[in-house]
Undergrad: 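I am attaching a structure below and will ask some questions about it afterwards.
What you see below is based on every heavy atom in this structure, not just the backbone, and it leaves out hydrogens, waters and symmetry mates. Model, not experiment: these values are computed from the prediction.
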Amino acid sequence: MTIDKHTLALVSIAGSSLDVLGALYLAYDLLGGEHGPLRTLTRGVTYGALFGALYGLALGPVFGLASGVAHGLTLAWEFSRASRGGPEPGFWLDTAMSAIRGCGFALGAAYLYGGTFGATFGALSTVAQALAYRVGLRPTIDYRPARHPRLNKHQLLAAVNRTVGYTVAGYISALAAHQRANALSAGLKAGVAIGVVTAIASPWMPSIEWLADHVPEKRMGVYGVGLILIGFALQSVQYWLALLDVSIN
């Protein structure tokens, strides 16, 4: 049996990250309790895991990791602001959120189809999302936390718009990268994947928001202990492999 060294490194990094995250949950009170940053962190981790897993299944682990991190960062900030009843951000903040998600798409697409494709795809994504914000189409539209998943017309519209928009973006990006032969298939793959992920993830957002605002303080500590144990287990994989004489390439 042989395991790739990059996979092993990724497992160890994930374990270390979970240890840090678990320690933060255990330090809930020290970080300001319900008014501290852990509610935002909970959103970021949950959204990142949700979108990362879905995009990873659809377009591969690298695309999933890049887009998951980008979605986790931006959605955590936007929904935390909405939960506090803050005013809608201005043009530059909207553009910054769009650019971060666009960078996530760019990195993932570059890994799949090359740098030119990725840069074009990321730029088109950024512009399209920024324009959508300007006309009122944003993740926090109709913000209403709920205990159970909920699908509304805005979420369906967003899924349809993203399917069509990213299909066109993928097609243009392939042409820009001189990949005319697979331009249509690349566009359809990107558009359908992103549209389906949007349709699956959107109904869960109200539940994630409800969870972030209603997790009891004691349960935060339980989550922290669980994350630390999982992180310890992942970090120990490298030593178990050495103990069992598993080869690493």
Side-chain angles (χ1 to χ4, degrees), residues 37-56 58-59 63-108 121-166 169 190-214:
L38 280 185
R39 300 293 178 179
T40 301
L41 182 62
T42 298
R43 289 180 169 91
V45 172
T46 307
Y47 285 124
L50 175 62
F51 281 94
L54 291 175
Y55 280 125
L59 296 171
F63 195 102
L65 178 62
S67 58
V69 170
H71 279 71
L73 290 172
T74 55
L75 293 177
W77 185 86
E78 292 179 79
F79 278 107
S80 293
R81 184 184 180 95
S83 70
R84 295 192 299 269
E88 288 190 358
F91 171 80
W92 291 112
L93 287 176
D94 283 344
T95 302
M97 297 297 103
S98 301
I100 292 172
R101 285 198 288 273
C103 286
F105 283 150
L107 291 173
F121 192 76
L124 291 173
S125 172
T126 299
V127 172
Q129 290 182 79
L131 290 175
Y133 275 113
R134 291 297 88 201
V135 298
L137 294 176
R138 58 180 67 242
T140 56
I141 189 173
D142 192 29
Y143 178 80
R144 285 185 298 163
R147 185 187 293 267
H148 303 292
R150 184 185 71 243
L151 182 64
N152 57 42
K153 64 179 182 180
H154 293 119
Q155 294 166 335
L156 287 173
L157 178 61
V160 172
N161 285 341
R162 286 165 74 85
T163 299
V164 176
Y166 281 104
V192 172
I194 293 175
V196 169
V197 168
T198 301
I200 294 174
S202 294
W204 291 95
M205 289 183 174
S207 299
I208 293 172
E209 288 305 300
W210 187 91
L211 176 67
D213 288 333
H214 292 85

Undergrad: Looking at NE2 of His71 and CD of Glu78, how far apart are the two atoms once the value is rounded to the nearest 0.5 Å?
TA: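 Answer for the NE2-CD pair, His71 versus Glu78, is 10.0 Å.
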Undergrad: As an exercise, state the distance from CD1 of Ile208 to CG of Leu75, rounded to the nearest 0.5 Å.
TA: 9.0 Å
Undergrad: Going by heavy atoms in the side chains, are Tyr55 and Ile194 under 4.5 Å from each other?
TA: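 In short, these two side chains touch, coming nearer than 4.5 Å.
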Undergrad: Does Trp204, at its CH2 atom, have more than 12 non-hydrogen atoms belonging to other residues, nucleotides or ligands within less than 6.0 Å?
TA: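 No, because the 6.0 Å sphere around CH2 of Trp204 holds 12 heavy atoms or fewer from other groups.
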Undergrad: Under 4.5 Å between any side-chain heavy atoms of Trp210 and His148, yes or no?
TA: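 No - every pair of side-chain heavy atoms lies 4.5 Å or more apart.
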Undergrad: Give the minimum heavy-atom separation between Ile200 and Pro203, together with the two atoms involved.
TA: O-CD, 3.3 Å
Undergrad: Quick one: are Pro139 and Phe79 in side-chain contact, heavy atoms under 4.5 Å?
TA: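 Pro139 reaches Phe79 side chain to side chain.
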Undergrad: So which atom in Arg150 and which in Arg144 form the shortest heavy-atom distance, rounded to 0.1 Å?
TA: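 Minimum heavy-atom separation between Arg150 and Arg144: NH1-O, 3.0 Å.
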Undergrad: Which heavy atom of Gln155 sits nearest a heavy atom of Ser202, and at what distance?
TA: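 Looking at all heavy atoms of both residues, the closest pair is NE2-O, 3.0 Å.
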Undergrad: Less than 6.0 Å separating the ring centroids of Tyr133 and Phe91?
TA: no
Undergrad: With rounding to the nearest 0.5 Å, note down the distance linking CG in Leu156 to CG in Asn161.
TA: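 The CG atom of Asn161 is 11.0 Å from CG of Leu156, to the nearest 0.5 Å.
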Undergrad: What is the distance from atom CZ of Phe105 to atom CG of Leu124, rounded to the nearest 0.5 Å?
TA: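 Nearest 0.5 Å value for the CZ-CG distance: 12.5 Å.
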Undergrad: I need the Leu65 CG to Leu107 CG distance, nearest 0.5 Å.
TA: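 One gets 9.5 Å once the value is rounded to the nearest 0.5 Å.
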Undergrad: Any side-chain heavy atom of Arg43 within less than 4.5 Å of one from Ser83?
TA: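 Contact flag for Arg43/Ser83 side chains = yes.
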Undergrad: Identify the heavy atoms of Phe63 and Ser67 that sit nearest to each other, and give their distance.
TA: O-OG, 2.7 Å
Undergrad: Can you tell me how far apart OG (Ser98) and CZ (Arg138) are? Round to the nearest 0.5 Å.
TA: 9.0 Å
Undergrad: Search all heavy atoms of Gly104 against all heavy atoms of Ala66 and return the closest pair with its distance.
TA: O-CB, 3.5 Å
Undergrad: Thr126 and Gly102: which non-hydrogen atoms are nearest, and at how many Å?
TA: OG1-CA, 3.7 Å
